[in-house]
Student: 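Take a look at the following structure, please.
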Amino acid sequence: MKPISIDSFEVLSEVSDWWQQFEKSRRSVLDMADTAPGATPVESVLEIERFRLLRFVSDTPARKKIPLLISYALVNRFVIADLQEDKSLVRRLLEQGYAVYVLDWGYPRASDRMLDLDTYINEYTDAAVDFLRSEHGVDAINVLGICQGGTMALTYAALHPKKIHCLITMVTPVDFHTEKDRLSQMVQDIDVAAAVRALGNVPGLVLNANFNAMQPFSLNIKKWLDSVNTLQDPSKGAFFLRMEQWINDSPDQAGQAHQEFITQFYQQNRIVKNTVTIGDERVDYRAVDCPILNLFGSYDHLVPPDSSRAIKKVVGSKDYTEIELPTGHIGMYVSRAATQMPEKISAWLEQKG
Amino acid sequence: MIGMDGFLRSWQQQQEAFWSGMMGQTARPADNGLTSWFDQWNRMAWPSAAQAPQMSPSDLFVAPFKDVFGQAFDVQRFFSVPEAVKFFTGRELGEEQIKQLSDYWVGLLNIPTTKIAVEQFLQGTSILQTMQGANKGNPLVGNPMAEDLEKIQSAWQETLESYKDLLDLFGGYAGRVSKRLLTNLEKADGEVKSLKQLFDQWLSAAEGIHKEVTTTPEYQQVFGAFVNKMCLAITLQRDATDRNLEKMGIPTYSELTDVHARIQRLRKDQRRVKGELSEISETMSEMQDVVSAVTGVTDQLQKQADEMAELRKSLASAREEVANMKAELAKQTAETPALKGVEQSVRQLTDRIAKLEAGTAKPASSARAASATAKPAARKVKAKAPARKPARKADKTNG
């Protein structure tokens, strides 16, 4: 049997259908009024240069005493955690009665290229944590670290264990040398110091291109061909456009911090060896003794599950819980599988007091 | 942040370019995102407009890069796989026929080829050589700049050679994709009846092969070498620019780097000092607590001292009163004869008591004398004696 049996008229009809769908989707897109990402208003409560601590404003007054601070990655923006009303991790957490804050790292400019991880962790994050401790009258706060922000939150918890009540890590890389870690493989032979010397800050576009290059045909061709179906539906279409805006909203990376992160974490895998140095201080991850909730996706191609799971081996805390969801990296925020996640986080926090 | 308009424009451009290509018009292949990536690199590679070659810098790199991915669509290579030709045409074609067929498809789809990439690479090199030659003859610029340019040129040449190494890893890519596609189709359960199904099969094969290539240690090394060499070229170029700007007294990138590094050091110093200040302030606050505790005790002591002073005063006035009363009593005694007789009787009585006391004390002293040789007993008495003395003294004091 010949495996291909395509009738030429059928092809013409397919092409013509696609073209009609394209026309429909184009009109649908033009009619869409609001496609800006971000569902919840924020207010800035602390500012240091380009860094801001933002509070998500809610109609529901916060009932929980301990606030929750989100530490998002330096790559891309925290907006994915609050993309739109029905797909907002932040909204659900606010509804659970938490006061939710986020570290907004800003958009580094050329003059920020010397900012290092010490500045991000021991200056910006620490200032935010101290502010919240004082504002809410508590000794320690809850932190939700997402992706690279999770790695930074874990490092902060190791350096300032008394200030963290509970740590939640979401799609957080810890072991950077797992078999399926393609990002790690890609950067192993790059002289990052030389790259930062040459570039200053590392352009967000370069990072995005690298992420796209991991699945070039799906992300650069198939996605666009398929988008005609999605865009015809105003609701799905708006979601697609918000996602695209989020994906392309990639801040440049402060050179020094990027160099330290790639070298110490991706290339030398130092968390696992417990040899990370931030500023002049050696980080001892065994000092992390707070309860930990670790969330990750089974099909995450950017942070493989084994990379996240490694956290339980490096910390001193014996109070460890993990939840694996049948989804990918981005699906952790917006997929159906992740719908119950805010409730699970809330229930776990409730249990920890 | 990308605005709605920008997004729509880009999206439409991509779709239109795709369909223009499909319909055989002469539109350029759409920007698939990689263009921006290389544009970015090239903007950094050519910081000064004057240095940029006449051709668009992005074309120098974008075209070959597109070519790598273009190979996936490269019908020229696809049709060089005899199995594929046979599969699709059902005929064994001669070499010339295959070439005609592939040329037709290449023309139709406007696909860039490696040949274009190499031509553009050579064109870029010749521009650098021209610049180098021109500067050698320029008395204002002189040899140092020419040497710089020579280094830069060689760095870029090495970069492009690395890039060619990267291309080589994808050698025969289209052929491999085709073979994988055919294998997958043979294995598939049903027939592929639509273009979409065929596209999905092709996509799966193309991604699969791409993943296989990019997860090899060779790819890791070659990709790393390519990026490292490109960064070196950019650095050399910028350093050369810096040297020339410095001669003209214009602030340079390296000076800014120094300034930023100093600011960062100052910022850390400031944080350290802030930390120390906060420690000092904590210590001061602890000391203040101690001081206020000590002050409390002192106040209490002072209060007690005041009370003592009051008591002393009261005692002194009581003593004075007693003395007055004694004096009064003495005076009244002297003045009253009956009381005098009583006093005398008391004195006599006291003397008799004293004598009686002396009488009872005698046998004890004679016994002591009799047993003078009994040393332990004597020692016992002697030992007891000093203990009594202070008691008596105390009695006296009290009296």
Side-chain angles (χ1 to χ4, degrees), chain A residues 1-7 10-11 14-15 19 22 26 29-30 32 35-36 110-111 113-116 118-119 122-123 182 185-191 194-195 197-200 203 205-206 208-210 212-222 224-225 227 241 244-245 248-249 256 279, chain B residues 1-2 4 7-8 11-12 14-15 18-19 22 32-34 36-37 39-41 44 69 72 87-88 185-186 188 191-200 203 206-207 210-211 214-215 219-221 223-225 227-228 230-235 238 253 256-257 260-261 263-264 267-268 271:
Chain A
M1 182 181 72
K2 201 176 172 188
I4 297 180
S5 172
I6 305 175
D7 182 85
E10 204 49 50
V11 169
E14 258 188 279
V15 171
W19 187 246
F22 171 71
R26 196 173 65 84
V29 166
L30 291 171
M32 285 177 200
T35 54
S111 58
R113 67 193 147 133
M114 293 291 171
L115 295 186
D116 54 7
D118 182 35
T119 310
N122 284 324
E123 192 173 334
R182 289 179 68 191
Q185 289 166 5
M186 203 186 271
V187 298
Q188 285 306 315
D189 287 302
I190 292 178
D191 181 348
R197 224 175 11 254
L199 307 176
L205 275 172
V206 170
N208 258 4
N210 280 327
N212 277 350
M214 290 172 78
Q215 293 176 312
F217 305 104
S218 303
L219 298 175
N220 296 313
I221 303 167
K222 188 179 183 334
W224 297 109
L225 288 175
S227 66
L241 295 178
E244 281 308 305
Q245 289 176 78
N248 289 292
D249 184 12
Q256 188 61 29
Chain B
M1 200 173 276
I2 292 178
M4 188 63 198
F7 170 80
L8 267 179
W11 188 73
Q12 276 182 327
Q14 293 204 27
Q15 305 299 343
F18 176 78
W19 284 105
M22 286 296 281
N32 58 7
L34 297 163
S36 314
W37 189 76
D39 278 347
Q40 187 68 25
W41 283 100
M44 291 177 292
F69 292 94
F87 179 83
F88 279 102
L185 289 174
E186 293 288 351
E191 285 180 327
V192 169
K193 288 185 173 172
S194 69
L195 203 56
K196 177 155 185 359
Q197 279 178 311
L198 183 62
F199 170 76
D200 287 344
L203 186 94
E207 288 286 22
H210 178 268
K211 190 176 174 183
T214 54
T215 48
Y219 177 83
Q220 191 177 303
Q221 281 167 14
F223 179 71
V227 173
N228 293 344
M230 185 190 283
C231 289
L232 175 69
I234 292 168
T235 307
R238 205 192 40 228
Y253 186 89
L256 271 177
T257 304
H260 290 147
I263 290 172
Q264 185 65 7
R267 159 196 209 107
K268 293 206 171 200
R271 205 174 76 210

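Every chain is numbered from 1 and lettered A, B, ... according to where its sequence line falls, protein lines coming before strand lines.
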Student: Validate the cation-pi geometry between A:R113 and B:Y253: distance from NZ or CZ to the six-membered ring centre under 6.0 Å, angle to the ring axis within 45°.
Tutor: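 Pair A:R113/B:Y253 counts as cation-pi.
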Student: Under a 4.0 Å threshold between the charged nitrogen and the carboxylate oxygen, would A:E10 count as salt-bridged to B:K193?
Tutor: no
Student: May I ask you to check whether A:S218 and B:E207 show a side-chain donor-acceptor distance below 3.5 Å?
Tutor: yes
Student: Measuring heavy-atom distances to chain A, does B:Q264 have an atom under 4.5 Å in its side chain, in its backbone, in both, or in neither?
Tutor: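 Contact with chain A: side chain only.
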Student: Tell me, side chain or backbone of A:A36 under 4.5 Å from chain B's heavy atoms, or both, or neither?
Tutor: neither
Student: For A:Q185, is it the side chain, the backbone, both, or neither that has a heavy atom closer than 4.5 Å to a heavy atom of chain B?
Tutor: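 Interface part for A:Q185: both.
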Student: Can you confirm whether B:K268 sits close enough to A:D118 that some side-chain heavy atom of one is under 4.5 Å from a side-chain heavy atom of the other?
Tutor: yes
Student: Given that the side chain runs from C-beta out, which part of A:Q215 has a heavy atom under 4.5 Å from chain B: side chain, backbone, both or neither?
Tutor: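 Both backbone and side chain.
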Student: For A:R182 and B:T215, does a side-chain donor sit closer than 3.5 Å to a side-chain acceptor?
Tutor: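 Result is no, nothing qualifies.
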Student: Quick one: which of B:T214, B:T257, B:T235, B:L256 has the most heavy-atom pairs under 4.5 Å with chain A, could you say?
Tutor: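 Counting heavy-atom pairs under 4.5 Å, the top option is B:T257.
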